[in-house]
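Remember, it's 1-based here, ligands and their atoms both numbered in the order they're listed.
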Amino acid sequence: MQTVVLAAGEGTRMRPLTADRPKPMLPVAGKPLVAHTVETAIEAGASRIVLVVGYEAEAVRAYFQDAEIGVPVTFVSQERRRGTADAVAAAAPELDDGPFAVLNGDALYEADDLRTLLEAGPAVGSYRVDNPSEYGVLARDERGYLEGVIEKPADPPSNLINTGAYVFPASSRERLDVPESERGERELTDVLQRACESVDVEVVPVERWLDVGRPWELLEANEWKLAELETGVRGSVHPDATITGDVVIEEGAEIEPGVVIEGPAYVSSGATVGPNAYVRGATYLGPNAKVGHAVEVKNSVLDSGSSVGHLSYLGDSVVGREVNFGAGTDVANLRHDGEPIELTVKGERVSTGRRKFGVVCGDRVKTGIDTSIDAGVRLDADTTTGPGETVTRDR
Ligand code: TTP
């Protein structure tokens, strides 16, 4: 089935990681987030992908122009970010007359779930949660078909939420011109509402789903996809290094003496680990990243060109590109009271729901030696700290 993948969003909740990179291009276990969505869709039966790009579009185009994904890919530009219905309207001229699927390009799905969805006819993927009031909730009629989608209802009609995965009937192609919603966007859920008022739209359960909107969800995405990897060692591993669990070491990566890596972990091309470093899963090290002597990295993303050179601890954290941690930089990832760590998202402190969470560093952050950073701190791109600083607030 022809499948539209929405990848034009700005990813404001993912700041500072999206300061100059689109959220769909953030790294998840060795490839961009949106590549997982697209590949899962193809595995599930997508015959053609129409990728809607917008914010920092060139990075997405460049990746897919080089990648061989086995089905035709067409790019469509959404000039202004006016909502998901507007994004699909931009893709409409590229669609043939049949039904079409739409997927959020920043969500992870399982192929089996998407296969069921694509084979169902008009359908929406639904995921069961304990806190439906925070999402778009699906209401069903007495026959079990979709009756409507209610955004963040105080009194939710079910605990089934919208996963941003849809199959629309062909007729929806002419019915994308929905009015702006209260939040000023043209919403695809309003197109879905129109569809379910004229045809039966199935509510297809999805076993596993992750909406990757906020920085800790990027960690969760890596935890999910790293756990699916099988060992593959193509780089150089010193005989005095110990590798356990499933670990991918790309060609051109180097593991030096005394290193212990406990998978799942992914070491990209050009990355170096050691000597005497400890990398624990689930950890992703990007191209040319460096983890040096007496450094422990646990359950973190350390993106391309970033270096934690000496005597440091990095846990449960997301670190952007070309970051440099000075010797002795340590990150806290646990509160003494064991309460979930909070993080600033769009100006508000929100719970990550995680007992363990460290820091989020934008690109090119540089810390001075012996910097201590408290759990839940966000450092914007290009932030610097001086020697011996204790950082307890966002910068
Ligand atoms: P959102 O998660 O609502 O938006 P976003 O990804 O830009 O993130 P944030 O809220 O943090 O700024 O979007 C859902 C999906 O739809 C996502 O894959 C991006 C995509 N999208 C578009 O392609 N065009 C749009 O105009 C909008 C609003 C979203």
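Exactly one residue among Thr84, Val88, Leu176 makes a side-chain contact (heavy atoms from CB on, under 4.5 Å) with Val191. That residue is Leu176.
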Are there any N/O pairs under 3.5 Å between ligand 1 and the protein, and if so, what are their distances?
{"unit_1": "ligand 1", "atom_1": "2 (O)", "unit_2": "Arg13", "atom_2": "NH2", "d": "3.0"}
{"unit_1": "ligand 1", "atom_1": "4 (O)", "unit_2": "Arg81", "atom_2": "NH2", "d": "3.0"}
{"unit_1": "ligand 1", "atom_1": "6 (O)", "unit_2": "Lys23", "atom_2": "NZ", "d": "3.1"}
{"unit_1": "ligand 1", "atom_1": "7 (O)", "unit_2": "Glu10", "atom_2": "N", "d": "2.8"}
{"unit_1": "ligand 1", "atom_1": "7 (O)", "unit_2": "Gly11", "atom_2": "N", "d": "3.0"}
{"unit_1": "ligand 1", "atom_1": "7 (O)", "unit_2": "Arg81", "atom_2": "NE", "d": "3.2"}
{"unit_1": "ligand 1", "atom_1": "7 (O)", "unit_2": "Arg81", "atom_2": "NH2", "d": "2.6"}
{"unit_1": "ligand 1", "atom_1": "10 (O)", "unit_2": "Arg13", "atom_2": "NE", "d": "3.1"}
{"unit_1": "ligand 1", "atom_1": "11 (O)", "unit_2": "Thr12", "atom_2": "N", "d": "3.0"}
{"unit_1": "ligand 1", "atom_1": "11 (O)", "unit_2": "Thr12", "atom_2": "OG1", "d": "3.4"}
{"unit_1": "ligand 1", "atom_1": "11 (O)", "unit_2": "Arg13", "atom_2": "N", "d": "2.7"}
{"unit_1": "ligand 1", "atom_1": "11 (O)", "unit_2": "Arg13", "atom_2": "NE", "d": "2.9"}
{"unit_1": "ligand 1", "atom_1": "12 (O)", "unit_2": "Gly11", "atom_2": "N", "d": "3.4"}
{"unit_1": "ligand 1", "atom_1": "12 (O)", "unit_2": "Thr12", "atom_2": "N", "d": "2.8"}
{"unit_1": "ligand 1", "atom_1": "12 (O)", "unit_2": "Thr12", "atom_2": "OG1", "d": "2.6"}
{"unit_1": "ligand 1", "atom_1": "12 (O)", "unit_2": "Arg81", "atom_2": "NH2", "d": "3.2"}
{"unit_1": "ligand 1", "atom_1": "18 (O)", "unit_2": "Leu6", "atom_2": "O", "d": "2.9"}
{"unit_1": "ligand 1", "atom_1": "18 (O)", "unit_2": "Gly105", "atom_2": "N", "d": "3.3"}
{"unit_1": "ligand 1", "atom_1": "18 (O)", "unit_2": "Asp106", "atom_2": "OD1", "d": "3.2"}
{"unit_1": "ligand 1", "atom_1": "23 (O)", "unit_2": "Ala8", "atom_2": "N", "d": "3.1"}
{"unit_1": "ligand 1", "atom_1": "24 (N)", "unit_2": "Gln78", "atom_2": "OE1", "d": "2.7"}
{"unit_1": "ligand 1", "atom_1": "26 (O)", "unit_2": "Gln78", "atom_2": "OE1", "d": "3.3"}
{"unit_1": "ligand 1", "atom_1": "26 (O)", "unit_2": "Gln78", "atom_2": "NE2", "d": "3.0"}
{"unit_1": "ligand 1", "atom_1": "26 (O)", "unit_2": "Gly83", "atom_2": "N", "d": "2.9"}
{"unit_1": "ligand 1", "atom_1": "26 (O)", "unit_2": "Gly83", "atom_2": "O", "d": "3.3"}

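Using a 4.0 Å cut-off between charged nitrogen and carboxylate oxygen, Asp303 and Arg21 count as a salt-bridge pair. Between Glu220 and Arg354, at least one side-chain N (NZ, or NE/NH1/NH2) sits under 4.0 Å from a carboxylate O, which counts as a salt bridge.
Considering all non-hydrogen atoms of both residues, Phe75 and Gln65 come closest at CE1-NE2, 4.1 Å.
There is no side-chain donor-acceptor pair under 3.5 Å between Arg15 and Thr12.
Hydrophobic clustering (side-chain heavy atoms under 4.5 Å, transitive across Ile, Leu, Val, Met, Phe, Trp, Tyr) keeps Val60 apart from Val212.
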